[in-house]
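What follows is one structure encoded as structure tokens, with my remarks underneath.
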2 protein chains.
Amino acid sequence: MNNDLLSHTIVEFYEKLSSWEMAVVKDAGHSLPQIHAVEILGANGDLRMKELAEKMGITTGTLTVQIDKMEQAGLVARKAHQQDRRSILVGLTEQGQDVYREHDQLHHGLSDQLTAKFSDSERELLLSFFQRMNNEF
Amino acid sequence: MNNDLLSHTIVEFYEKLSSWEMAVVKDAGHSLPQIHAVEILGANGDLRMKELAEKMGITTGTLTVQIDKMEQAGLVARKAHQQDRRSILVGLTEQGQDVYREHDQLHHGLSDQLTAKFSDSERELLLSFFQRMNNEF
DNA sequence: TGCCAATTGTTTGAAAGTCAAAGTATATGG
DNA sequence: CCATATACTTTGACTTTCAAACAATTGGCA
């Protein structure tokens, strides 16, 4: 089959998701890296600075600055790590969890919008396709 | 069906694509906004500054700086617009087209990798799913 | 035990990317 | 022909980022 077409269609999908995310984040008055941190902490629970930085694809130096701001804004809290006193656990505050749920609802809404015209079985198939692709990275 | 799962799986796919793109761009020694411009110019042909800025989701002020750098680097060239002397057309140079084709090949390779275990009919179905979703943004 | 290398997080200085607003040149419509 | 709109550039400020230097803690090993 014409794989150029598939490749370009995936890129188009990615570009549109990206634009949507930037618009949604700006509209809610947040910054992209901070929402990214909220998304990851919301999905994974408390993480060490190192772990969070790795998942976000930034250095710990950069993360320190972001977490400083987010702590100021009341979105996250630093906590001592019981087993390793070098490490610091970062977790969402109540307010941070509100922001996470709110943002997650937007994702959910987009997902509904994109698959509104799909039948249930098509949606199941789409899910399995995404899962299979996610395993191949 | 469980739409939370679909939503999260799509987000996971997006995150992995995003990480992949950043790694690939950095590895090739390019910057993300410049490769983004190359991708858009490669797919659309010559564009006015205004049009390119809109497609990239940045202001024309920001774009002016980027195009200055890219022109220095030999990736793009500014040309006069015949019908409107206020406008400036930006287009890829030969070298810019090389970069575009090279980057496009990487996308193609990823697309192959992700769907390596798909049958031809599954790949056709996946393509149609992406196309239908792209229409719903 | 005691020391040295590795690890974790913070700080600092510099660079890139970005925007809003002001400025310049050109176009368009009365 | 003039007023207003449009296209691009410039400027100043801010955010995000990294690399490198630093401080505290851990872990291995001699």
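Lettering of chains follows the sequences in order, A, B, ..., and the numbering in each one begins at 1.
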field: Presence of Thr59(B) side-chain N/O under 4.0 Å of dC19(C) phosphate oxygens OP1/OP2
entry: yes

- request: Determine, for nucleotides 4-14 of chain C in 5'-to-3' order, which nucleotides have protein heavy atoms under 4.0 Å from the base (write B), from only the sugar-phosphate (write S), or from neither (write -).
  value: ---BSSBB---

task: Could you state the atom-to-atom distance from NZ of Lys26(A) to P of dT16(D) in whole Å?
output: 13 Å

- prompt: Rounded to the nearest Å, what distance is computed from the CD atom of residue Gln34(B) to the C1' atom of nucleotide dG17(C)?
  reply: 11 Å

- prompt: Which of residues 15-25 of chain B have a heavy atom under 4.0 Å from DNA chain C?
  reply: none

Side-chain heavy atoms of His107(A) within contact of His103(A), under 4.5 Å: yes

- prompt: For Gln82(A) and dT25(D), what is the distance between atoms CD and P respectively, to the nearest whole Å?
  reply: 14 Å

Listing time: all N or O pairs from protein to nucleotides 13-15 of chain D that are below 3.5 Å?
none

message: Measure CD/Gln83(A) against P/dT25(D) and give the value in whole Å, please.
response: 16 Å

message: I want to check something: taking the side chain as every heavy atom from C-beta on, are Leu17(A) and Glu21(A) in contact at a cut-off of under 4.5 Å?
response: no

Presence of salt bridge, Glu122(B) and Lys117(B), under 4.0 angstrom: no

- prompt: Do Arg101(A) and Asp104(A) meet the salt-bridge criterion of a basic N to acidic O distance under 4.0 Å?
  reply: no

message: The criterion is salt bridge (Lys or Arg N to Asp or Glu O under 4.0 Å); which residues satisfy it with Lys16(B), sequence neighbours excluded?
response: Glu12(B)

task: List for me each residue that meets side-chain hydrogen bond (donor to acceptor under 3.5 Å, both in side chains) alongside Ser111(A), sequence neighbours excluded, and say none if there are none.
output: Asn3(B)

Salt-bridge contact Asp46(A)-Arg78(A) (side-chain N to carboxylate O under 4.0 Å): no

message: Check the orientation of Phe13(A) and Phe13(B). Use parallel for under 30°, tilted for 30 to 60°, and perpendicular for over 60°.
response: tilted

query: Ile58(A) CD1 to dA19(D) P: how many Å, rounded?
result: 12 Å

field: Atom pair distance, as rounded to whole Å: CG in Leu47(B) and C1' in dA7(D)
entry: 15 Å

- prompt: Could you give the NE2-to-C1' distance, from His36(B) to dG17(C), as a whole number of Å?
  reply: 14 Å

query: More than 12 non-hydrogen atoms from neighbouring residues, nucleotides or ligands closer than 6.0 Å to NZ on Lys26(B), yes or no?
result: no

query: Between Arg123(A) and Asp120(A), is there a salt bridge with N-O shorter than 4.0 Å?
result: yes

Protein-nucleotide distance (Arg85(B), atom CZ; dA7(D), atom C1'), rounded to Å: 13 Å

field: Hydrophobic cluster of Ile88(B), others only, ordered by chain and residue number, side-chain cut-off 4.5 Å
entry: Met22(B), Val25(B), Leu32(B), Ile35(B), Val38(B), Ile40(B), Leu41(B), Leu47(B), Met49(B), Leu52(B), Met56(B), Ile58(B), Leu63(B), Ile67(B), Met70(B), Leu75(B), Val76(B), Val90(B), Leu92(B), Val99(B), Tyr100(B)

